[in-house]
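The next block holds one structure in the form of structure tokens; read it before the comments.
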Amino acid sequence: MNRKRTIYLAHHDSASREVLEAILSTLGHQLSLVTDSGKELIERALATPADLLVASPMLSDMDGIEALIQIGNVNPTPSIIVARDDDLSQVERAMDDHVMAYLVEPVTAESLQPAIFLCEKRFNHLQSLEEKVAWLEQKLSDRKQIELAKGIIMQVRKLDEPEAHRFLQNTARRTRRRLVEVAKQIVDGGNLLGIDELLTDNDIEAR
């Protein structure tokens, strides 16, 4: 079943705008913005995000692809470019950024609805990949903080690596904080100030 979407449409040609607006409305979507202006599209999309953006490569006041990229840099949104045959050379750069699909005019309901579905599917896939990359980057950053903290502990407390790791674990447990939070405090301070007094020597297992 087709899901109703809030769509912003920007096209430089009035006849094409009317055709696209009619098709999208017939498909059951809500056209909350219909314009020929890239600046208006950017302003509205950043203030009140839409479910989908549809634009032509050139708009009345700016490059339509650039408008979609500017929006995507702040608020990633599924986007479709509707291009003429002679516009296709411009679309390649858009596909490397935030634009998820393109259609060649004349557009029909039979071509537009599948394009919307594929656009959203590709967008969701890329968002999932970005979230995984961000998670991995955070894990690597946390690991780096822990390793740096262990190095400081080994130097200050004259411990080997396993003992330094146990020191971190014991401190995290006693202070009820995450291991990386304790590590970051040590790294940011460059020493064990504020940490040593929380633990006694008995907290560190003998070599």
Under a 4.0 Å threshold between the charged nitrogen and the carboxylate oxygen, would D142 count as salt-bridged to R178?
yes
Just by modelled atom types, is the T77 backbone N or O under 3.5 Å from a matching donor or acceptor in the S79 side chain?
yes
Heavy-atom closest pair, residues I23 and V107
CD1-O, 3.3 Å
Keeping the roles fixed (side chain from S141, backbone from E137), state whether a donor-acceptor pair exists under 3.5 Å.
no
Does the distance from a Lys or Arg side-chain N to an Asp or Glu carboxylate O, for E181 and R176, drop under 4.0 Å?
no
Test of understanding: clusters of I, L, V, M, F, W, Y form through side-chain heavy atoms closer than 4.5 Å, transitively. Do L59 and L103 belong to the same one?
no
Apply salt bridge (Lys or Arg N to Asp or Glu O under 4.0 Å) to the pair E163 and K150, showing each step before the final yes or no.
CA-CA 9 Å; E163 289 172 332; K150 285 196 295 187; over 6 Å; no
Minimum-distance pair of heavy atoms, taken over all atoms of N75 and A45:
ND2-O, 3.9 Å
Nearest heavy-atom pair of L68 and A55: which atoms, and what distance?
CD1-CB, 4.1 Å
Using a 4.5 Å cut-off on heavy atoms from C-beta on, say whether the side chain of H11 contacts that of M58.
no
Using the rule given for side-chain contact (heavy atoms from CB on, under 4.5 Å), can you reason through L168 versus I186, listing the C-alpha separation, both sets of side-chain angles and the distance that settles it, and then say yes or no?
CA-CA 10 Å; L168 275 175; I186 293 172; 3.8 Å; yes
So, taking the atom named CZ in F117 and the one named CZ in R122, what distance separates them when rounded to the nearest 0.5 Å?
14.5 Å
Decide side-chain contact (heavy atoms from CB on, under 4.5 Å) for I42 and M62; before the verdict, give the C-alpha distance in whole Å, the side-chain angles of both, and the deciding distance to 0.1 Å.
CA-CA 11 Å; I42 293 171; M62 66 181 296; 3.8 Å; yes
Can you hop from M154 to I152 via hydrophobic side chains spaced under 4.5 Å?
no
Within 45° cone of F167 ring axis and under 6.0 Å: R157 NZ or CZ
no
Could you check L33 against L9 for side-chain contact (heavy atoms from CB on, under 4.5 Å), going step by step and ending with a plain yes or no?
CA-CA 6 Å; L33 175 69; L9 168 64; over 6 Å; no
Kindly give the heavy-atom pair with the smallest separation between C119 and P78, and that separation in Å.
SG-CB, 3.7 Å
Does S32 offer a backbone N or O that forms a donor-acceptor pair with the side chain of R44 under 3.5 Å?
yes
Just by distance, do the side chain of S111 and the backbone of T108 share a donor-acceptor pair under 3.5 Å?
yes
List the steps and the verdict of salt bridge (Lys or Arg N to Asp or Glu O under 4.0 Å) for E43 and K39.
CA-CA 6 Å; E43 181 179 355; K39 293 179 181 178; over 6 Å; no
Connected via hydrophobic side-chain network under 4.5 Å: L46 and L41
yes
D51 CG to T6 OG1 distance, which is reported to the nearest 0.5 Å:
5.0 Å
For the residue pair H165 and L179, establish whether any side-chain heavy-atom pair is separated by less than 4.5 Å.
yes
Test T48 against Y8 for side-chain contact (heavy atoms from CB on, under 4.5 Å), laying out the working first.
CA-CA 10 Å; T48 309; Y8 295 166; 3.7 Å; yes
Could you tell me the separation between the CZ atom of R143 and the CG atom of L148, rounded to the nearest 0.5 Å?
11.0 Å
CZ-CG distance between R84 and D13, expressed to the nearest 0.5 angstrom:
8.0 Å
Please find the pair of heavy atoms, one from P57 and one from A83, that lie closest to each other, and give the distance.
CG-CB, 3.8 Å
For the residue pair E40 and T35, what are the closest heavy atoms and their distance?
OE1-OG1, 2.7 Å
dist F123:CZ -> L52:CG (nearest 0.5 Å) comes out at 10.0 Å
May I ask you to test the T175-V182 pair for a side-chain heavy-atom distance under 4.5 Å?
yes
Can you tell me if H29 uses its side chain to pair, donor with acceptor, with the backbone of R5 under 3.5 Å?
yes
Rounded to the nearest 0.5 angstrom, the CG-CG distance for L24 and L112 is 5.0 Å
